[in-house]
Number of protein chains: 2
Amino acid sequence: MKNLHIQIEISSELFSKNPDSSDLGREIISKSIELINEIGFESLTFKKLGAVINSPESSIYRYFNNKQTLLIYLTSWYWTWTEYRLVFATTNVVSPEERLSKCINIITQPVEVDDDISYVNEILLSEIIFSESLKAYHTKNVDEKNKIGSFKAYKNVVQRISDIVLEINPHFEYPHMLISTIIEGAHQQKYFAEHLPALTDKIKDKNAITSFYIEIVNQILNIKQSQ
Amino acid sequence: MKNLHIQIEISSELFSKNPDSSDLGREIISKSIELINEIGFESLTFKKLGAVINSPESSIYRYFNNKQTLLIYLTSWYWTWTEYRLVFATTNVVSPEERLSKCINIITQPVEVDDDISYVNEILLSEIIFSESLKAYHTKNVDEKNKIGSFKAYKNVVQRISDIVLEINPHFEYPHMLISTIIEGAHQQKYFAEHLPALTDKIKDKNAITSFYIEIVNQILNIKQSQ
DNA sequence: GCAATTATGATAGTAATACTATTATATTTA
DNA sequence: TAAATATAATAGTATTACTATCATAATTGC
């Protein structure tokens, strides 16, 4: 899928200085994505990131108060961008079943093609989301972060897909539970496949996880498998 | 449910010195459970724990190399104990559907009664499992920890319930995926209900999460709801 | 009941982390 | 061209996550 060049806007609550407003800021985002992929979020320090971009750590602190804030920025970017993808994939699709199916595909698979335009490598970013994003909200200061809207973009995605679920079955009681279970589940199953295979099943093809969740959705919403 | 007094044995790979072998060791376990519940795992330090039990941090280090190791010990204890609960709840139950239903109940709900015998407060421990256990394996050294058997007890539980799933439907391709999705999903939904309610649904009664996952299982395994 | 072993307490010390602060030097803008 | 702003370079601090040492207390073996 080739995207139009969309400008992702991130709420000003989520940074000290907008990284999208300067070369250094964009470099911080771009290289942090690469570095987190290489060494993992836990091992990331602003000192190491500074070394990569040839800037002192104090310069990075001007953009983000700490690395959790940076991770929240990255996840917000991803979910805002993913909402665009969802809209793009579902406009003009009449059948809600088909729209839902397309959405599940998008949320259960890491990105495979980069649009090559922006300074954000979407393939690597989606890898980070799958393996590290839960560290953004599984933290002692969730409530405080939530209050300033740190997880708004994620919530919007869950809400949007839940709406399709309700279109299909207006009496279904747990649409948000269903969608967040699928998103988080897909992330975890991929992690398990890589690190704790006993907690998942033999992954025949790369769509196994997607198929599993599609089947759950079809069953629980009584959707006849047509395609 | 009243348990017989069962001795939980934890593999010697998971500690430096067996905490079950001394008063100080048992005190470390007992008070760490309380302290993690109070301040959260992130905020726990061996220094603070030492203050609570009136021992220097260096004494705690003789039992556990670091706090991650302590958390792994606690999760292993919980899952080993939970496997006993599963066995106890399912022996002499003929119908695999009924056995599965009982298992899902156990894994999707925090513990509500403490057996009051051991030094482990099972209610508080289960709270920790629900809110913090993913931090035991979502870490850069998963593979190394996995190699020494740190997650064996958890895997055993997933395996045991997966076996029941296969009894009901031998052709079902994703039993482990289903069970680990349910366990992790139940933990997360409870966390969402407390901190990020937009990601879940109104919880009518305390069994809502359990009901949701029971329904998924029933649908996907084609189980007729009888009770 | 005493020696030998082992566990614990008390204290100190170190490297790394996660910042904050200061000042000089660029770069941009008015 | 002056003023404002951004970045670089450097230093410093509190906390964390340990490690080390030695004295004392408790336990065990004979």
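Both backbone and side-chain heavy atoms feed into the values below; hydrogens, waters and symmetry mates do not. Every chain is numbered from 1 and lettered A, B, ... according to where its sequence line falls, protein lines coming before strand lines.
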Would you please indicate yes or no on a ring centroid separation below 6.0 angstrom for Tyr73(A) and Phe64(A)? yes
Return the CD1 to CD1 distance between Ile161(A) and Ile106(A), rounded to the nearest 0.5 Å. 8.0 Å
Please determine, for the side chain of Arg62(A), which listed nucleotide (dT10(D), dT7(D), dG9(C)) has the closest atom? dT7(D)
Specify the separation, in whole Å, of atom CD of Glu42(A) and atom P of dT16(D). 18 Å
Whole angstroms only, please: what is the NZ-C1' distance between Lys48(A) and dC19(C)? 16 Å
Rounded to the Å, how far apart are Ile28(B) CD1 and dT8(C) C1'? 11 Å
Between Ser55(B) and dG9(C), does any side-chain N or O lie under 4.0 Å from OP1 or OP2? yes
Rounding to a whole Å, what distance do you find between Glu57(B):CD and dA20(D):P? 14 Å
Please state whether the phosphate of dG9(C), meaning OP1 or OP2, lies under 4.0 angstrom from any side-chain nitrogen or oxygen of Ser59(B). yes
Base, sugar-phosphate or nothing for Phe64(B)? Non-hydrogen atoms, less than 4.0 Å. nothing
Respond yes when some side-chain nitrogen or oxygen of Tyr63(B) is under 4.0 Å from OP1 or OP2 of dT8(C), and no when none is. yes
Nucleotide nearest Thr45(B) when distance is taken to its side chain, options dC19(C), dA17(D), dA8(D): dA17(D)
Are Tyr63(A) and Phe15(A) an aromatic pair, judged by ring center distance below 6.0 Å? no
Take atom CG of Leu49(B) and atom P of dC18(D), then tell me their distance rounded to the nearest Å. 14 Å
Between Ser22(B) and Lys67(A), just flag the one whose closest nucleotide in DNA chain C comes earlier from the 5' side. Ser22(B)
Nearest whole angstrom, please: distance from the P of dT16(D) to the CD of Gln68(B). 19 Å
Tell me whether Thr82(B) contacts the main-chain N or O of Tyr78(B) through its side chain, where contact means a donor paired with an acceptor under 3.5 Å. yes
Decide if the gap between the ring center of Phe192(B) and the ring center of His176(A) is smaller than 6.0 angstrom. no
Base, sugar-phosphate, or nothing: which does Ser58(A) touch, judged by heavy atoms less than 4.0 Å apart? base
OP1 or OP2 of dT17(C) under 4.0 Å from side-chain N/O of Lys47(A): no
Closest to the Tyr61(B) side chain: dA17(D), dT8(C), dT20(C)? dA17(D)
d(CD1, Ile60(A); C1', dA21(C)) in whole Å: 17 Å
Whichever of Ile53(B) and Phe46(A) has its nearest DNA chain C nucleotide further upstream toward 5': Ile53(B)
Between dG9(C), dT10(D), dC19(C), which nucleotide gets closest to the side-chain atoms of Asn66(A)? dC19(C)
Separation of atom CG in Asp23(B) from atom C1' in dT27(D), rounded to whole Å: 12 Å
